[in-house]
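What follows is one structure encoded as C-alpha cells, with my remarks underneath.
Residue numbering restarts at 1 for every chain, and letters A, B, ... go by the order of the sequence lines. Source: prediction; values computed, not measured.
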Protein chains: 4
Amino acid sequence: MARTQAAVDKRRLILDAAVRVFARQGFHTCRVSDIADEARVAYGLVYHYFKSKDEILDTLFLERWDILLRAITEVDTQEIPPREKLYAIAGFIVDSYRHDPELMKVIIVEVTRAANTFGRTHLPQIRQAYIQIAAIVDRAQRERIFRNDVTPDFAAMAFYGAVEQVLTGWIFSLLPVGDREYEDAKTLIVETICGGLERVEG
Amino acid sequence: MARTQAAVDKRRLILDAAVRVFARQGFHTCRVSDIADEARVAYGLVYHYFKSKDEILDTLFLERWDILLRAITEVDTQEIPPREKLYAIAGFIVDSYRHDPELMKVIIVEVTRAANTFGRTHLPQIRQAYIQIAAIVDRAQRERIFRNDVTPDFAAMAFYGAVEQVLTGWIFSLLPVGDREYEDAKTLIVETICGGLERVEG
Amino acid sequence: MARTQAAVDKRRLILDAAVRVFARQGFHTCRVSDIADEARVAYGLVYHYFKSKDEILDTLFLERWDILLRAITEVDTQEIPPREKLYAIAGFIVDSYRHDPELMKVIIVEVTRAANTFGRTHLPQIRQAYIQIAAIVDRAQRERIFRNDVTPDFAAMAFYGAVEQVLTGWIFSLLPVGDREYEDAKTLIVETICGGLERVEG
Amino acid sequence: MARTQAAVDKRRLILDAAVRVFARQGFHTCRVSDIADEARVAYGLVYHYFKSKDEILDTLFLERWDILLRAITEVDTQEIPPREKLYAIAGFIVDSYRHDPELMKVIIVEVTRAANTFGRTHLPQIRQAYIQIAAIVDRAQRERIFRNDVTPDFAAMAFYGAVEQVLTGWIFSLLPVGDREYEDAKTLIVETICGGLERVEG
DNA sequence: CATGAATGAGACTTCATTCAT
DNA sequence: TATGAATGAAGTCTCATTCAT
C-alpha cells in the first residue's frame, strides 16, 4: 500500500528538518529531539518513520546521491566534447549546492568526507560516481582529446576533489558566494582541470 | 618549564596511541579509555596530560599542520618555477601520508574535512595553507607563467582539493597504494592542475 | 449488553492472538503491536476492546481461572474418595494444558508465578484454589483417610506445587510430553502425594 | 590482578541493594537508578561493575544457585537414607529462605519461574538441580527403598515443586511464617512426598 | 606522576496509550 | 467499528570528566 499523503508529508517534514539541523549542528552533535523540534513533531514520530538517527542521514544521502548518479549517466549519453561533460557535471553539483546548500553540506561533511562512519557505509555508492567520471576521461583519452599519461581514476579523483573543495570553500566561507561566483566556478573548475593553470604560449 | 624526560615520553605515547585509535575508530566513536588502553597507560593519566579528549586531537592537528605551513613557506622562498613549488607542496603532503598514513587520515577526516566541529575551530590555521598556496599562484600569474583568468584563491582550492582527494582515495582504498603510486601521484597532480587534462596540439 | 457477533469475534481474535504472543515472547517482552499483528487487526482496535495491555492478560487469566475454580468445586461435590478428587483436579489441570498449552503457560508463568505483578493482583483468585483444595484435604483428615500431621493448607500447597512443577517441566522441555505422559502424570502426581515415594512393606 | 578490597565492597553493595529492589519492585518494574539509590552509589557505578541490568540478576542467581548445587552434591555423598537426603535438601532451601528471604524470592520469582526470560537463560543450571535430585531418587529405587513406579525425573519435579510452592506460600503470605513454621515445613514436605498424605493402616 | 574508581548528565530508543478520521 | 499516525514519558546505557589515594 502506498503511503498516505499525510504520512508522506510528515516524513518529508522530518527529513527537511534533519537537513537543517545536521547542517547547523552536525550529525554527531545534534540530538534526535532537535530534529523533532525543528520539524515541530513529537519526538516519537521520528522513530515512527525512521528506525534510527542513522537511517535519516542514510535516506538523505541516498536520495540525493542517486539523483547525482543519474545526472552523470545522463550527461555521459550526450554527444558532446568531454570538457562539456565535465562542465555539465560540475554544473550539476554546483547547482545542487546553490539550490540547497544545507543538504549538500550535510552530504559532503557527514557522508562523503566521513571516512570512518557513513563514508565507509556508502562507499559503493560514492565510488560509483568516481567510476562514471573516470569512464568519461577514459573515453576522452581513447579519442585522443585528453592526454593519457594521467590515469582515468586519478583524473576523476582530481576533478571531483576540486569540485568538492570549492563547495567546502563556500561552506566554510573561504570563497565568496553568489550567483555570479557559482556560474564562474563551473567554468573555472573545468578550465583548471582540463586546460591547466599554466599559460600556453601561442 | 621543562618537562622531565619520562613525562614527555608518556605524553608522546598517548598522542601516538590516539592517532592509531582515531584512525581506526574515528574521533567521535572512540572512547578515552580506548586511547589509554592503546597507550598502555592508566585511564586517568590521559587527563593528567590533556585537559580533554578534544585537546588531544587539537594537539595532533596543530603539531602537524604547523609543520605543513612551515614547509609551504620554505618552498615559497626558493627560486624555482611555480610548477616546481606546487610539486614540492604536493610532494610534502604525499610524503607525510607515506610516512604516517594514520596521522594524515586523522587530520583530514577529523579536522580539515569536519566542517562542523574541529574544522571550524581550526579554520584560521587551515585557511593559512590556502592563502600561502594562493600567494604562489598569484605570483605565477604576475610573472605571466600562470594564466590569470582563474583567481588565485580558486586555484589554491582546486589544487589542495585534488591533493586531499587523492589521499582520500588511498584512505578509502579507491586508488592503488605503493611507493610507485606515491611518486607518480606527485607528478600527476601537478600535471593535471598545471598542465590540464587536455592534449595540447603541437 | 449484547455484543454484535462480529465484535465478539474480533475481541476473541485478539485474546487468542495474545495467548500465542505472551507464550512466545512473554508479557513484558512483547509489544501491543505484536498482538495486533498476530491477530491481523489494526493496532488501535486492541484499545477499542481493552483498556490496556494489562487488561488483556487479566481477562485471559480470569476467564480460565474461573473455569478451574468451578471445576474444583464441582469435583468436591461428588461423593468419591479424596484421592479420586485430587486425581480429578490434577486431571483437569493436565487436560487444560494438553488442550491449550500456550494458555496454561501464560497463566502459570505470567500470573500464578509472578509474585510481583499479576500474581499479587490476582492473589485472592489464586488463593481460592488453594483454599478449595485444602478443604478437600481437611475433610479427608476428618474422615481419617488422610493423616492429620500435615496441615491442610500445607498439603494443598504441596499438591498444587507438584502439579504446577510438572507443567513447568513440560513447558521447559524438562519432562517428556505426549498423550501417554499426560495420562501417566495424573496418576503419578496422585501416587506421589497421596501414597508417598517410599515403599510400604507388607 | 585480584579486585581491590574497596572495589569488592561497592560491587557487593550494589548486589545486595539489587536484591532488595528486585524483591520489592520486581526486576522488570524497577529501574537501574533504583538500585543505585538503594546502594547509595552513583548511577554510573552500577555500569562500572556490571555490563547490564540483566547481568546483575544473572550474578545473583548464579552465585546462589551454585551454592545450592554444591549443597545437593554434598548431601548425596553422605551415607544416609534417601528420606534424610531429601530432608537435608529441603532443609537447605528452607534455611536459605529463612536467612535471606528477599534473595530467594528474587531467584524463584525472577529466574526459576520466569520461563520466558531468565528461566530460559539459566535452564541448564536449573536442570542440574533436578538431575541431582532425580539421581537420589534413582538410587533409592535401586536400593528398593523407594517404589519404582514413579520415574525419578518425575519424583524430582514433584519434590522440588512442593518445596518451591511452600516458599511461594511464604512469599505471598499464603502460609504462616516463623521459625517454628520453617522447621515444621522441612519435615512436612518430606513426610508428604516420601510418606504420602494417606494414612497407612497398621 | 600514576591509578582507576566514582560521578552524573545526556543520548538514543521503545512503546503504551491517545486521537483524528 | 476500524485504522494507524501521533504523542511523549520513561528507561537503559555510554562515557567524558573528576577525584581520592
Side-chain angles (χ1 to χ4, degrees), chain A residues 1 3-11 14 28-36 39-55, chain B residues 3-4 6-7 9-11 28-37 41-56, chain C residues 3-4 6-7 9-11 28-37 41-56, chain D residues 1 3-11 14 28-36 39-55:
Chain A
M1 185 196 70
R3 264 191 280 272
T4 67
Q5 188 57 42
V8 170
D9 286 344
K10 293 279 183 151
R11 194 183 128 92
I14 291 167
H28 283 99
T29 316
C30 83
R31 294 169 299 183
V32 173
S33 69
D34 294 330
I35 300 172
R40 295 174 180 282
V41 300
Y43 196 106
L45 197 62
V46 175
Y47 285 89
H48 182 77
Y49 287 107
F50 302 95
K51 271 207 298 291
S52 68
K53 190 183 168 190
D54 282 20
E55 201 186 74
Chain B
R3 284 198 200 81
T4 69
D9 285 344
K10 292 275 185 153
R11 191 184 131 92
H28 282 98
T29 317
C30 83
R31 295 170 298 189
V32 173
S33 69
D34 294 330
I35 300 171
D37 290 350
V41 300
Y43 195 12
L45 198 61
V46 175
Y47 282 88
H48 182 76
Y49 288 107
F50 302 95
K51 266 208 306 292
S52 68
K53 189 183 172 190
D54 282 20
E55 202 188 71
I56 299 174
Chain C
R3 284 199 200 80
T4 67
D9 285 345
K10 293 275 185 153
R11 193 183 129 91
H28 283 99
T29 316
C30 84
R31 296 171 295 190
V32 173
S33 69
D34 293 330
I35 301 171
D37 291 350
V41 301
Y43 194 13
L45 199 62
V46 175
Y47 281 88
H48 182 77
Y49 287 107
F50 302 94
K51 265 209 305 292
S52 68
K53 190 183 170 188
D54 281 20
E55 201 188 72
I56 299 173
Chain D
M1 186 193 68
R3 262 190 281 273
T4 67
Q5 188 57 44
V8 170
D9 287 344
K10 293 278 183 150
R11 192 184 130 92
I14 291 167
H28 284 98
T29 316
C30 84
R31 295 168 298 181
V32 173
S33 68
D34 293 331
I35 300 171
R40 295 177 181 280
V41 300
Y43 194 106
L45 197 62
V46 175
Y47 284 90
H48 183 75
Y49 287 107
F50 303 95
K51 271 207 300 291
S52 67
K53 190 183 168 188
D54 281 21
E55 202 187 72

What integer distance in Å separates [X]:[atom1] from [N]:[atom2]?
X: A:Phe50; N: E:dT14; atom1: CZ; atom2: P; value: 15 Å
X: A:Asp54; N: E:dT13; atom1: CG; atom2: P; value: 7 Å
X: D:Arg40; N: E:dA5; atom1: CZ; atom2: C1'; value: 20 Å
X: B:Asp34; N: F:dT17; atom1: CG; atom2: P; value: 14 Å
X: A:Arg31; N: E:dA11; atom1: CZ; atom2: P; value: 4 Å
X: D:Tyr49; N: F:dT12; atom1: OH; atom2: C1'; value: 20 Å
X: A:Lys10; N: F:dA6; atom1: NZ; atom2: P; value: 5 Å
X: D:Leu45; N: F:dC19; atom1: CG; atom2: C1'; value: 14 Å

Requested in this report: Scan C:Ser52 against the nucleic acid and name what it touches under 4.0 Å (heavy atoms): base, sugar-phosphate only, or nothing.
Outcome: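 It contacts sugar-phosphate atoms only.
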
Requested in this report: Measure from the side-chain heavy atoms of B:Lys53 and tell me the nearest of E:dT3, F:dT17, E:dT13.
Outcome: F:dT17

**Report entry** Closest nucleotide among E:dT3, E:dC12, F:dT17 to the A:Val32 side chain
**Finding:**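 Of the candidates, E:dC12 comes closest.
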
Query raised in the report: When the C1' atoms of E:dC1 and F:dT21 are considered, how many whole Å apart are they?
Result: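 13 Å, rounded to whole Å.
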
Testing the basics here: between [X] and [Y], what is the closest heavy-atom pair and its distance to 0.1 Å?
X: D:Ile14; Y: D:Leu45; result: CD1-O, 4.0 Å
X: A:Lys53; Y: A:His28; result: NZ-O, 4.1 Å
X: B:Ala36; Y: B:Val46; result: CB-CG2, 4.0 Å

Requested in this report: Using the closest heavy atom to pick a nucleotide of DNA chain E for each, name whichever of D:Val46 or A:Lys51 lands nearer the 5' end.
Outcome: D:Val46

Query raised in the report: When you match D:Thr29 and A:Gly44 each to their closest nucleotide on DNA chain F, which lands nearer the 5' end?
Result: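 Final value for this comparison: A:Gly44.
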
Query raised in the report: When you match B:His28 and A:His48 each to their closest nucleotide on DNA chain F, which lands nearer the 5' end?
Result: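 Looking at DNA chain F, the more 5' nearest nucleotide goes with A:His48.
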
**Report entry** Presence of donor-acceptor pair under 3.5 Å, side chain of C:Tyr43 and base of E:dT17
**Finding:** yes

Requested in this report: Say whether, by atom type as modelled, one donor and one acceptor occur between the side chain of A:Lys10 and the main chain of A:Tyr49 under 3.5 angstrom.
Outcome: no

Report summary line: Across every strand shown, the nucleotide meeting Watson-Crick or G-U wobble geometry with F:dT21 (both distances under 3.5 Å) is E:dA2

Query raised in the report: Mind checking whether D:Tyr43 and D:Tyr47 have parallel, tilted or perpendicular rings, split at 30° and 60°?
Result: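 Correct class here is parallel.
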
Report task. Could you tell me whether the phosphate oxygens of F:dA2, OP1 or OP2, come under 4.0 Å of any side-chain nitrogen or oxygen in C:Tyr47? Result -> no

